[in-house]
Amino acid sequence: MTGRELINNALAKKNTGANPFWLGNPADETKEIYAKALGLSGDRAAAAHDGSLYTTINGRIDIDLALGSGSDMIWVSPELDASSYVDPDNKPMWDSTGGIERKSLSQPGVFAEAESVAEIEAFDWPDPEKINFDKAYDDAQEAHEAGLAVFGGMWCPFFHVLSDFFGMENYFIKMYTDPDIVLAATEHVVDFYLAANKRCLDKMSGLLSAGFFGNDFGSQRGMMIGPECFEKFILPYLKKITSQISGYGLPVAIHSCGAISNIIPSLIDIGVNVLHPIQAIAAGMEPEGLQKKFGGDLVFMGGVDTQELLPFGTVQEVEQKVERLREIFGPNYIVSPSHEALLPNVSFEKVKAMSKMAKA
């Protein structure tokens with residue numbers, strides 16, 4: 001059975017044997033360490049472009065790392081590669097700070113002092129037609145031909161984009177003081193993503209096992225915004241994205257770090273099928289409770305703790321945790337770290353331990 005078949009069986013809740021495994025999308029330095037451990041050639045371990053999210057090393061090396069580690073899938077998104085947005089003036093996809101380097105989440109963005117919807121409308125918004133999907137398509141096709149499942153599409157992190165445009169603190173405050181301004185900006189950002197994702201999915205949906213997008217709504221202890229704000233400023237736009245992905249006949253996988261148990265029923269209601277990454281030691285994210293409450297509706301992906309266990313635990317402790325998670329979540333659980341961007345303090349030996357125990 002190929003990795004893709006194993007993943008697809010889990011998504012359809014038809015898996016009966018070994019659990020699928022996803023390595024995640026490790027940080028650049030980590031990828032280089034893992035590549036060296038697998039003896040990959042230098043060209044495959046070399047950075048290709050200046051990526052806008054997570055890593056600058058992506059593409060073929062992800063396929064090689066997946067195959068070498070026993071991972072059954074990879075993640076492919078044009079947003080992992082900043083060069084996919086082709087602007088004649090070299091403007092980035094999201095110029096949220098007016099060309100000023102962003103150094104903190106609370107740093108004021110270009111809308112920090114916005115006082116009218118007209119200011120939002122006058123902004124030079126990015127053009128989804130400027131995205132080149134060729135590399136993402138080629139990566140997805142190569143992974144597909146290698147027998148891997150591919151999760152993909154535009155990442156659609158509109159919550160984070162808006163946090164950058166306003167500055168996170170200003171964004172949350174303006175939800176109360178200037179809701180019309182926040183809604184106007186949200187419409188522009190999400191409309192861009194819907195248009196871009198349509199182009200992306202038109203091109204590569206046939207290669208995907210699931211549409212995958214992400215926004216981090218939780219802190220270690222709870223949601224970053226209250227339920228009223230989530231219902232007004234976030235949920236309707238999440239539904240637009242999930243409905244679009246479902247329209248291509250794809251399962252919907254969503255990423256959100258943190259303590260998000262309070263919104264899981266809403267995510268299920270709007271059509272989410274797979275929840276990632278299950279931040280293992282965040283409040284309310286205990287596997288037993290999640291499976292009991294939501295296991296009938298969701299496939300869980302993640303949960304192997306990256307905060308304490310993977311960096312500081314032993315290989316045996318990692319193996320024991322994976323074994324326990326399989327017992328809790330059952331055969332349709334996708335074994336994976338509780339955050340995809342593994343850091344260099346997670347040894348490749350522990351990655352192999354996760355993979356081995358997923359298939360044990």
Side-chain angles (χ1 to χ4, degrees), residues 6-15 19-25 72-73 75 77 149-153 155-160 208-220 222-224 227 230 234-235 237-239 241-246 250-307 321-322 324-326 328-341 354 358:
L6 189 57
I7 290 283
N8 289 348
N9 283 346
L11 296 179
K13 290 187 174 288
K14 295 180 179 179
N15 196 29
N19 289 76
F21 168 67
W22 182 38
L23 164 66
N25 184 49
D72 297 298
M73 59 170 275
W75 166 37
S77 174
V150 181
F151 280 28
W155 191 230
C156 305
F158 67 89
F159 181 75
H160 302 283
L208 301 181
S209 289
F212 189 29
F213 74 105
N215 290 268
D216 292 334
F217 300 120
S219 70
Q220 194 76 14
M223 292 286 290
M224 286 193 278
F230 182 79
I234 305 300
L235 190 61
Y237 301 98
L238 289 178
K239 185 174 182 179
I241 299 169
T242 59
S243 296
Q244 181 186 56
I245 294 170
S246 298
L250 293 170
V252 178
I254 192 169
H255 164 98
S256 178
C257 291
I260 62 165
S261 59
N262 289 347
I263 65 167
I264 292 178
S266 295
L267 298 180
I268 294 170
D269 287 345
I270 63 171
V272 171
N273 308 108
V274 183
L275 185 62
H276 174 266
I278 319 304
Q279 190 169 330
I281 57 176
M285 300 301 288
E286 298 81 7
E288 293 86 351
L290 293 177
Q291 177 62 19
K292 182 178 180 180
K293 294 177 183 177
F294 311 116
D297 297 300
L298 290 173
V299 170
F300 292 105
M301 179 167 71
V304 184
D305 174 41
T306 57
Q307 293 177 263
K321 174 56 71 172
V322 172
R324 177 59 182 149
L325 289 171
R326 292 182 66 192
I328 295 169
F329 288 126
N332 297 310
Y333 158 60
I334 302 173
V335 176
S336 194
S338 69
H339 196 282
E340 74 284 355
M354 284 189 284

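Not a single donor-acceptor pair under 3.5 Å links the side chain of D72 to the backbone N or O of I7. Between the side chain of S77 and the backbone N or O of G153, at least one donor-acceptor pair lies under 3.5 Å.
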- What's the verdict on side chain to side chain contact (heavy atoms under 4.5 Å, CB included) for D305 and K321, showing C-alpha distance, side-chain angles and the deciding distance? CA-CA 9 Å; D305 174 41; K321 174 56 71 172; over 6 Å; no
- side chain to side chain contact (heavy atoms under 4.5 Å, CB included) between I241 and F158: does it pass, once the steps are laid out? CA-CA 11 Å; I241 299 169; F158 67 89; 4.0 Å; yes
- Query: Between L325 and I278, is a side chain to side chain contact (heavy atoms under 4.5 Å, CB included) present by the stated rule, with each step listed?
  - Reply: CA-CA 11 Å; L325 289 171; I278 319 304; over 6 Å; no
- Walk me through it: do V252 and F213 pass the test side chain to side chain contact (heavy atoms under 4.5 Å, CB included)? CA-CA 8 Å; V252 178; F213 74 105; 4.0 Å; yes
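Relative ring orientation between F217 and F159 is described as perpendicular, the plane-to-plane angle rising above 60° on a 0-90° scale split at 30° and 60°.
In this structure the side chain of I264 reaches within 4.5 angstrom of the side chain of L298, judged on heavy atoms. Taking 4.5 Å as the limit, some side-chain heavy atom of N15 sits within range of a side-chain heavy atom of L6. P337 has its side chain out of reach of W22: every pair of non-hydrogen atoms, C-beta onward, lies at least 4.5 Å apart. No side-chain heavy atom of L23 sits less than 4.5 Å from a side-chain heavy atom of M354. I334 is not listed as a side-chain neighbour of F329, based on a closest heavy-atom distance of 4.5 Å or more.
Within 6.0 Å of NZ on K13 lie more than 12 heavy atoms contributed by other residues, nucleotides or ligands.
Of all non-hydrogen atoms in I328 and Q291, the two that sit nearest each other are O-CG, 3.2 Å. Nearest heavy atom pair, residue A10 against residue P20, reads CB-CG, 3.9 Å.
Note that CG of L238 is 7.5 Å distant from CD1 of I263, once rounded to the nearest 0.5 Å. Between the CG atom of D216 and the CE atom of M224 there is a distance of 6.5 Å, given to the nearest 0.5 Å. For the atom pair CG of N215 and SG of C156, the computed distance is 8.0 Å after rounding to the nearest 0.5 Å. To the nearest 0.5 Å, the span separating CG on L250 from CG on L11 amounts to 10.0 Å. Between atom CG of residue N332 and atom CG of residue N9 there is a gap of 8.5 Å, rounded to the nearest 0.5 Å. The OG atom of S256 sits 9.0 Å away from atom CD of Q279, with the distance rounded to the nearest 0.5 Å.
With sequence neighbours excluded, no residue forms a salt bridge (charged side-chain N to carboxylate O under 4.0 Å, His left out) with E286. Among residues two or more places apart in sequence or in another chain, the side-chain hydrogen bond (donor to acceptor under 3.5 Å, both in side chains) test is passed with N8 by S209. In this structure, the side-chain hydrogen bond (donor to acceptor under 3.5 Å, both in side chains) partners of T306, at least two apart in sequence or on a different chain, are S338.
A ring-centre distance under 6.0 Å is found for F212 and H276.
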